[in-house]
Each structure stands twice: as C-alpha cells, then as structure tokens.
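Below you'll find the structure, written out as structure tokens, and then a few comments.
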Number of protein chains: 2
Amino acid sequence: MSKPRYQRRKEDRPREIADAAFDAFAEKGYASTRVEEVATRAGVSKGLLYLYFKTKEELFKAVVKNVVVRRVDALIALVDKTEQSSEAFIRGPASRFLKDVPDSPVAVIIRLLISEGPRHPDLLEYYYRNVVSKGLAAVQRIIQRGIERGEFRPSAVDDLPHLFLAPVMMSVVWRSLFGKRSLDTDKLIDTQIELLLAHIKA
Amino acid sequence: MSKPRYQRRKEDRPREIADAAFDAFAEKGYASTRVEEVATRAGVSKGLLYLYFKTKEELFKAVVKNVVVRRVDALIALVDKTEQSSEAFIRGPASRFLKDVPDSPVAVIIRLLISEGPRHPDLLEYYYRNVVSKGLAAVQRIIQRGIERGEFRPSAVDDLPHLFLAPVMMSVVWRSLFGKRSLDTDKLIDTQIELLLAHIKA
DNA sequence: TCAGCTAATGACTCTTAGGTCAGTAATTGT
DNA sequence: ACAATTACTGACCTAAGAGTCATTAGCTGA
C-alpha cells in the first residue's frame, strides 16, 4: 500500500490557507504575493485555493478580518472586568498589550491596511467599526472611570485616546521600515504613558 | 501649416514625468499604477518615459527622492537660524510645519515607503540618512538648546525626539485610511506638543 | 467492496503590464 | 534649404500571474 498523495480535509483547509496567506502577505505584501505561492505554503494546489476563496481579493479580506478582532475583543473584555485602579491598569496590562503590538500580527495587518486599504473601502469600514472605534472607546472608558473615581482630573486628553496609540503607530511604522535599529519602542511607549498619566492625574 | 504633433523638450521631460508619476502613485500606490498611465498623464508616450527612466523601479526612486529632501532641509535651516526661544519656536514654526505634514506630499511619500519600502532597502537607507536622522537631530537640537538656556530641564524626552513625531505619524496613517472623519489632527498634534512642553519646561 | 460523491489536482487559457525597438518627425547647424 | 541629429512615437514582444476546468483519486456508506 502506497501513501495517499493527499488527504481530504475540508474542515481545516480554509484556516490553513488563510494562515499561509498571512505569512506570505506579511513578507511580500499583498500585490507582490502570488496566489500560487500561498497555495504551495499551505501544501495545497492553486485550484483548491480557488475552491475556498473566489478571488485573491476575497482571500485578502478573509485574512485581514480574522487576525485582529479576537485580540481586540480580549483587551476590551479585560478593560471591562478589571478591578484595578485605572492608573494601575494602564501601567500594567494595557501597557504590556501596547508594547506587544509592534511585534505582533497586528502590526502586519496595519501595514497591509496602509498599503491596500485605500482600494478596499468596505474593509476599512469593517475595521473602523470593529477594531478602531472599539479600541478607542475602551481607552476612553478607562480614563472616564479614573475621573469618576477621583484618580484623574478632566483634561484635553479625555477625547483624544489616540494619544495613547500614537507611539504604538510610530513604533509599528518604524519597525516595518528600519527594523529594530536605533529606536527602543518599549521605552517610547512607556514614556508616552508616563507623560499622559502625569498630565491627567488628579 | 498644421500643428506639430509634439514638441521636443528634453529639459523638462524628466520633471514632468516624475510629477505625473507622483500623482499616479499617490492615488493608486506603486504596484497598481501602470507605467503607461504615468506616460499618458505626462502627455508623453510610454517609449519616451523609458528613455528617461530605465525601469519602473528607477522612476519610483526618482519620485520618492525629490519630494521630501528640500522640505526637510528648509526646516533644518529654520531651526538653525531662528532667534526665538525654543518654546516659541516649537509652538510657532515647528508646530505649523508638523500640522501641515498630513496634507502634504510628505504624507504620500510616507505611505509609499510603508508599502514599498521593504522591497527597496537602498531607498530606505537613503531616507534614513537624509531625512529621518536629520529631522530627529534637528528636534533634539532645539530641546538641547532649550536646556542650555535654562528654558527646559533635562528629562527622558531628550533622547526621544520621536515623541514629537508620533502624533504626526498617527495623523498621516489615520488620514490615509479614514480621511478626515472623526479625528482633528491639528488638535492631536497641538495637544501632544502641550504635553511635551509642560513636561520639559524648567 | 465497490459505487457514488466530491475534495483535490495540475495543465490550461487569457489578460495585463513591463519593457523594446524600428521608424518618424521636430529641431539644429551650416 | 536641406542634411544630420535625436527626441519621440506606437506597435510589438514577452513574462507573469490570476483564474478555470476536465480529470483523478481519497473517502464514505450501503
């Protein structure tokens, strides 16, 4: 009896293909990744890939959607469940989360969105609704809670949660362009958090 | 006498083509812009384009190089010539410059670099040397001068000039993804500058 | 165990877009 | 005025890569 040349694994294929696509897109970007290479990485023929994804673009969207949402939802759950003071939460779990972003799949997605987003408005809409606005709202909720508890005082930062994310964005871009050279992204993020806390503390 | 079908304008062609390419890349990104479209926009045949630029990639590099350098050099000259106090300079000319970035050609170049940079390491090297490091050094010089004059006190911000640029980066990315919706980039940048000044003022 | 179903293959087509080049017409010098 | 020069054109070539489909072979249930 000879080994079968392939196995039928209808259930697992979509995820395997999407994972392979993620890796390939991360390395080469969307436009210069060949569909055939994705198939090869997934250990599958090109034809099969087209059985599960109608076009390359649909594959792209599937990939981009399933990476970040879980992560963001986890963070939000954390925010809403914690018993810590707002300051402790920001210094602890939130800080750690933010510092992880530049080395995580999230960073890849951000780069992909910057490159390809403008040609996929529906995808951007999806992201804005399910990731960006949720994330910003969560940050705002922490601050608000701090104010209610008397930890923080009201300030201009209240409706600019973006300030917490700016150094993260900077780090993501820097890393994607220049690698790890000459910028300590952890320190950048930490320092910004210190600045912000110093400013809003009561 | 009929109009000539074209004029020979050897001197002007390269700039005209580069300008057309800039516009096209800004709209569609590098990968999905066709060389022929660049030629058409420049009012020129594809063949002529290839007379002045050996490949599409070379065209890309030419475009990307000639946009930002002048601008940055202008800013640096400003920094080194000003008689203002560091604080006044930061609140005035520097702030204005930074707030202009998200709507300027510089933003386009940043987007192009994020998308295509990883596949053009020499271009990134060029940018790091001629734009990024110079810009960061200029910011650092302003702070340093403030310290020497007793306006500012030494702090963690001294060797993180990136903090001044983080909200700009954030704004560039935000704008390129979501347009002008729901983020006042001027305010973001202003607020960050206020935070930083409050922190380093003596 | 074998017939029917369908997951999976891989060779194929077709379009797109980067790059070439032989020829043409605007310009320049004499 | 008219060669000689060369900026410029546009039809062409070719590679690459997205997407298709007739065929094959693993699986499943009777």
Side-chain angles (χ1 to χ4, degrees), chain A residues 1-64 112 115-116 119-120 123, chain B residues 1-64 112 115-116 119-120 123:
Chain A
M1 55 175 288
S2 58
K3 298 162 200 164
R5 303 206 316 208
Y6 59 81
Q7 292 174 358
R8 307 172 121 205
R9 306 211 329 279
K10 185 183 162 119
E11 308 304 323
D12 305 332
R13 293 308 191 195
R15 161 143 297 171
E16 289 172 2
I17 293 169
D19 287 350
F22 175 86
D23 292 342
F25 291 159
E27 278 176 31
K28 314 202 172 189
Y30 173 74
S32 34
T33 295
R34 291 175 294 281
V35 171
E36 186 141 29
E37 185 182 335
V38 173
T40 304
R41 284 192 193 224
V44 141
S45 71
K46 191 165 63 157
L48 186 64
L49 187 155
Y50 275 99
L51 199 69
Y52 292 112
F53 301 93
K54 266 197 270 302
T55 64
K56 188 188 182 186
E57 182 177 336
E58 193 186 278
L59 172 62
F60 176 66
K61 291 182 177 175
V63 165
V64 159
L112 287 173
S115 306
E116 298 298 325
R119 254 150 295 135
H120 305 277
L123 193 57
Chain B
M1 56 175 289
S2 58
K3 299 161 199 165
R5 302 207 316 208
Y6 58 83
Q7 292 174 0
R8 306 171 126 206
R9 307 213 326 281
K10 186 185 162 114
E11 308 304 323
D12 305 332
R13 294 308 191 194
R15 162 144 296 173
E16 289 172 3
I17 293 169
D19 287 350
F22 176 86
D23 292 343
F25 292 160
E27 278 176 30
K28 313 203 171 188
Y30 172 75
S32 34
T33 295
R34 291 177 293 281
V35 171
E36 186 141 30
E37 184 180 337
V38 173
T40 305
R41 283 192 194 225
V44 139
S45 71
K46 191 164 63 156
L48 186 64
L49 187 154
Y50 275 98
L51 199 68
Y52 292 112
F53 300 92
K54 266 197 270 305
T55 64
K56 188 189 182 187
E57 181 177 336
E58 193 186 277
L59 172 63
F60 176 66
K61 291 183 179 176
V63 166
V64 159
L112 287 173
S115 307
E116 298 299 325
R119 253 148 294 135
H120 304 278
L123 192 58

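Each chain gets a letter, A, B and so on, in the order the sequences are listed, and its residues count up from 1.
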Result block: side-chain N/O donor-acceptor pairs under 3.5 angstrom for residues 19-27 of chain B, not counting sequence neighbours:
from: B:Glu27; atom 1: OE1; to: B:Arg41; atom 2: NH2; distance (Å): 3.0

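For the pair B:Tyr50/B:Lys54, no side-chain contact is recorded, criterion being any heavy-atom separation below 4.5 Å from C-beta on. Residues B:Phe53 and B:Val35 have side chains not in contact (no heavy-atom distance under 4.5 Å, counting atoms from C-beta outward).
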Requested in this report: Evaluate side-chain contact (heavy atoms from CB on, under 4.5 Å) for B:Thr55 paired with B:Phe60, printing each intermediate quantity in order.
Outcome: CA-CA 9 Å; B:Thr55 64; B:Phe60 176 66; over 6 Å; no
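Residue A:Arg34 places at least one side-chain N or O under 4.0 Å from the OP1 or OP2 atom of D:dG17. Dashed line: the shortest gap from a side-chain N or O of A:Arg13 to OP1 or OP2 of C:dA7 is not under 4.0 Å.
B:Thr33 comes within 4.0 angstrom of the backbone, heavy atoms only, and of no base.
Rounded to whole angstrom, the span from the CD atom of B:Glu11 across to the C1' atom of D:dC8 amounts to 15 Å. Between the CD1 atom of A:Ile17 and the C1' atom of C:dA7 there is a distance of 11 Å, given to the nearest Å. Between the CZ atom of A:Arg5 and the P atom of D:dT23 there is a distance of 16 Å, rounded to whole Å. Rounded to whole Å, atom C1' of D:dA25 lies 13 Å from atom CD of A:Gln7. One atom, NZ of B:Lys56, and another, C1' of D:dA16, lie 14 Å apart when rounded to the nearest Å.
Within a heavy-atom distance below 4.0 Å of DNA chain D, the residues of residues 35-55 of chain B found are B:Val44, B:Ser45, B:Gly47, B:Leu48, B:Tyr52.
With hydrogens and angles disregarded, no donor-acceptor distance shorter than 3.5 Å links the side chain of B:Glu37 to the backbone of B:Thr33.
Closest to the side chain of A:Arg8, from the set C:dT9, C:dT6, D:dC8, is C:dT6.
The two residues A:Tyr52 and A:Lys10 make their nearest non-hydrogen contact at OH-CA, 3.5 Å.
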